Number of protein chains: 2
Amino acid sequence: MKAINFEERSKKIQNRIIEKDIDLFLITPSINFGYLFRGFFSLSERLICGIIFPDDQTQLIAPSFEKERMQIETTFDDVVTWQEEENPYEVLRKSTDKKIKTIALESSTPFDVYIRLKKQFPYANFINGGIFVKELRSIKNDAEIERMKKAANCTAEGIINTLDIIKESQSELEALKIVQEQMSSLSNEPGWAIVQFDENSAIPHGHPSKKKLKKDSIVLIDAGTTCDHYFADITITSVFGKASKEFLKIYSIVEEANEAALSTSEEGIPAENVDFAARTVIEDAGYGKYFTHRLGHGLGLEVHEDPYIVKGNKNPLVNGNVHTDEPGIYIPNKFGIRIEDDILISNKGERLANINRKLWK
Amino acid sequence: MKAINFEERSKKIQNRIIEKDIDLFLITPSINFGYLFRGFFSLSERLICGIIFPDDQTQLIAPSFEKERMQIETTFDDVVTWQEEENPYEVLRKSTDKKIKTIALESSTPFDVYIRLKKQFPYANFINGGIFVKELRSIKNDAEIERMKKAANCTAEGIINTLDIIKESQSELEALKIVQEQMSSLSNEPGWAIVQFDENSAIPHGHPSKKKLKKDSIVLIDAGTTCDHYFADITITSVFGKASKEFLKIYSIVEEANEAALSTSEEGIPAENVDFAARTVIEDAGYGKYFTHRLGHGLGLEVHEDPYIVKGNKNPLVNGNVHTDEPGIYIPNKFGIRIEDDILISNKGERLANINRKLWK
């Protein structure tokens, strides 16, 4: 696989903070931290904080006993450490020797970290620097697209294998375990999944339960494995046996909506137009009130990220955006059908994985 | 198991916000959200926010299509919903009809959520309300102790079973999988673990690798499964075969430090004294510089929470506190030994699980 160029990412962010006259950009462990500095871990109660300065410098603040691990897991050579009995926020302030007027914080920085930073820099203006990283992340380069294609293909194949393996009277929870194993055996990375049978499929974002698979059950699997931290997000709705007429009728509407979105999605088109294209198909078929969520969202290091494909988002799509195309019709207490692909904008929109979904009799 | 009384928890927090003259306490999905409102899930880009008002009222703000799920997964009946194309922060502001002067935010609230709230309530004073929940969480009641004892016992048994099962030439990663399976088969809940062989055990918080188990390898397993979201955190350091003299010598120092901390830990004692008791044993034996971290931390819904057992924490321990007792000696490039128990303060300190650790020849 093509290597990820972390230095280039840091450099681009540095250009933004110079432009915006920011003295420090502080990034605590988070997805954005991993994107910029390689290490993916979460912030514990012990402060770890990457700093990008407007000059050609980056620095990490970390607990003394974690220094070695940090040098292995992140891109930082320069680690300023603090001892267990020290105040890490004081250590951070002292390591930034000049007058600080504007500090940008990564968007997920916990509120109590902000409060403690404010105590150290009482006269500084704090702004949200997460947006710089968000913008950068929403445009995928070749190395990222390579990873996302792999994740999408492993996910689609893992779901299809699962639909082939599952047996009558297995529960949603058992099927969940199978789809995770199937995906991971292909990608060698972990994965998440939602599995819903019959009327449960009518609840978007519902949790798998002990509900059992029956003959002719509707099966909705929404899942994603990763490739080097990049996610896929694919939904296949199928039938364990013979599909009913009602299922087939609604399926073809959702399918048409999914196709309408795909053919609308291209460079320069406002994001909301793609939602509108799919929604119009479903509304015209009389099922508008059963399509209860937006058409999709950006995809990458997070399952949900920019660009959001939703009414009100007038930002034009740009080359390198990857977004889901996931129209759904959910008939309460009956069933739901969602068809979800991952779309890359490369002038026109194209699917990251081509999937043969019609697995019922 | 005894039921968790969520209403009582909310009521106690309400008393604190009345006392502090706070108009709204906003809690976005987080551990503290789960503690107060039952539902454990993380905040996505779609705003979900629990609100405690000083009068007898609580309210949830959630996306319209998630209302049903929220009513199942949380304690809220009153759900104010927003549509995909609405600004949820505006909906939140409109749902709080009176004049708002002081808003408390849960401590993990992301910085960008704070920025958006500030836009809606430009004249409000924002303070960290997380401390009220933190205080409450640090004192466990009978229902919580019951869960934590179960988690501790399943963890200890899971680690011991693993040490019995693992075979020469298996990797740390393979052993990690085994210990997770062993714990989960006892607790029916997930678990986390660190497995380190030989010189890897000298790196606290290191990640399991492909390093292989050999005859007479030192094996450090630090692990925890949960019971109803309550964590255990137990470390056993053992030898896969025959223990060397050097291992036995250092082991007995760490063991003595662990015992010294236990017998110091009791109601009314400043937390740092417990760290000091263990550290003195290790320093007196000449290994002070190899005990590179604090003695321990509180334990509960998070693996690290109040009270922290560290130099500088002069707060007295109180009945219901649960903290780890985990002295360690780490000889770089050789091996590390850590012995970790979970201690409940019930006048005197007592172990949540009594463990027979000496599993070597």
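Values in this document were obtained by computation on a predicted structure and should not be read as measured data. First the proteins, then the strands, lettered A, B, ... as listed; each starts at 1.
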**Prompt:** Taking everything shown except B:Lys177 itself, do over 12 heavy atoms lie less than 6.0 Å from its NZ?
**Reply:** no
**Message:** At a heavy-atom distance under 4.5 Å, which candidate from B:Gly312, B:Pro110, B:Gly130, B:Ser107 has the highest pair count against chain A?
**Reply:** B:Ser107
**Request:** Verify the neighbour count for atom CZ of A:Phe276: are there more than 12 heavy atoms of other residues, nucleotides or ligands below 6.0 Å?
**Result:** no
**Portion of B:Lys118 that has a non-hydrogen atom of chain A nearer than 4.5 angstrom** = neither
**Request:** Could you tell me whether B:Lys334 atom NZ has more than 12 heavy atoms of other residues or ligands within 6.0 Å of it?
**Result:** no
**Complete:** Between the OH atom in A:Tyr114 and the OG1 atom in B:Thr109, the distance rounded to the nearest 0.5 Å is 12.5 Å
**Complete:** If one checks every heavy atom of A:Lys67 against chain B at 4.5 Å, the contacting part turns out to be neither
**Fill in**
So, the part of A:Arg294 with a heavy atom under 4.5 Å from chain B: the answer is both
**Message:** Which atoms of B:Glu302 are under 4.5 Å from chain A, going by heavy atoms: the side chain, the backbone, both sets, or neither?
**Reply:** neither
**Item:** B:Tyr290 OH: over 12 foreign heavy atoms closer than 6.0 Å
**Value:** no
**Request:** Tell me, for A:Glu305 versus chain B, whether the close heavy atoms (under 4.5 Å) come from the side chain, the backbone, both or neither.
**Result:** neither
**Request:** Kindly compute the distance separating CD1 (B:Ile131) from CD1 (A:Ile115), expressed to the nearest 0.5 Å.
**Result:** 9.5 Å
**Asked** Most heavy-atom pairs under 4.5 angstrom with chain B, which of A:Glu85, A:His297, A:Glu68, A:Gln83?
**Response** A:Glu85
**Asked** Where do B:Glu84 and A:Val310 come nearest, in terms of heavy atoms and distance?
**Response** O-CG2, 3.9 Å
**Message:** Applying side chain to side chain contact (heavy atoms under 4.5 Å, CB included) to A:Tyr330 and B:Phe65, what does each step give before you reach the verdict?
**Reply:** CA-CA 11 Å; A:Tyr330 309 96; B:Phe65 79 99; over 6 Å; no
**Request:** To the nearest 0.5 angstrom, please state how far the NE2 atom of A:His293 sits from the CZ atom of B:Arg46.
**Result:** 8.0 Å
**Asked** Any chance the side chains of A:Glu73 and B:His207 put a donor and an acceptor closer than 3.5 Å?
**Response** yes
**Request:** Measure the CZ-CG distance between A:Arg116 and B:Asn128 for me, rounded to the nearest 0.5 Å.
**Result:** 7.5 Å
**Fill in**
Ranked by heavy-atom pairs below 4.5 Å to chain A, first place among B:Leu105, B:Val113, B:Ile203, B:Val303 goes to B:Leu105
**Request:** Sort B:Leu43 into side chain, backbone, both or neither according to what part of it lies under 4.5 angstrom from a heavy atom of chain A.
**Result:** neither
**Request:** Could you pull out the closest heavy-atom pair between B:Glu106 and A:Phe111, with the gap in Å?
**Result:** O-CB, 4.0 Å
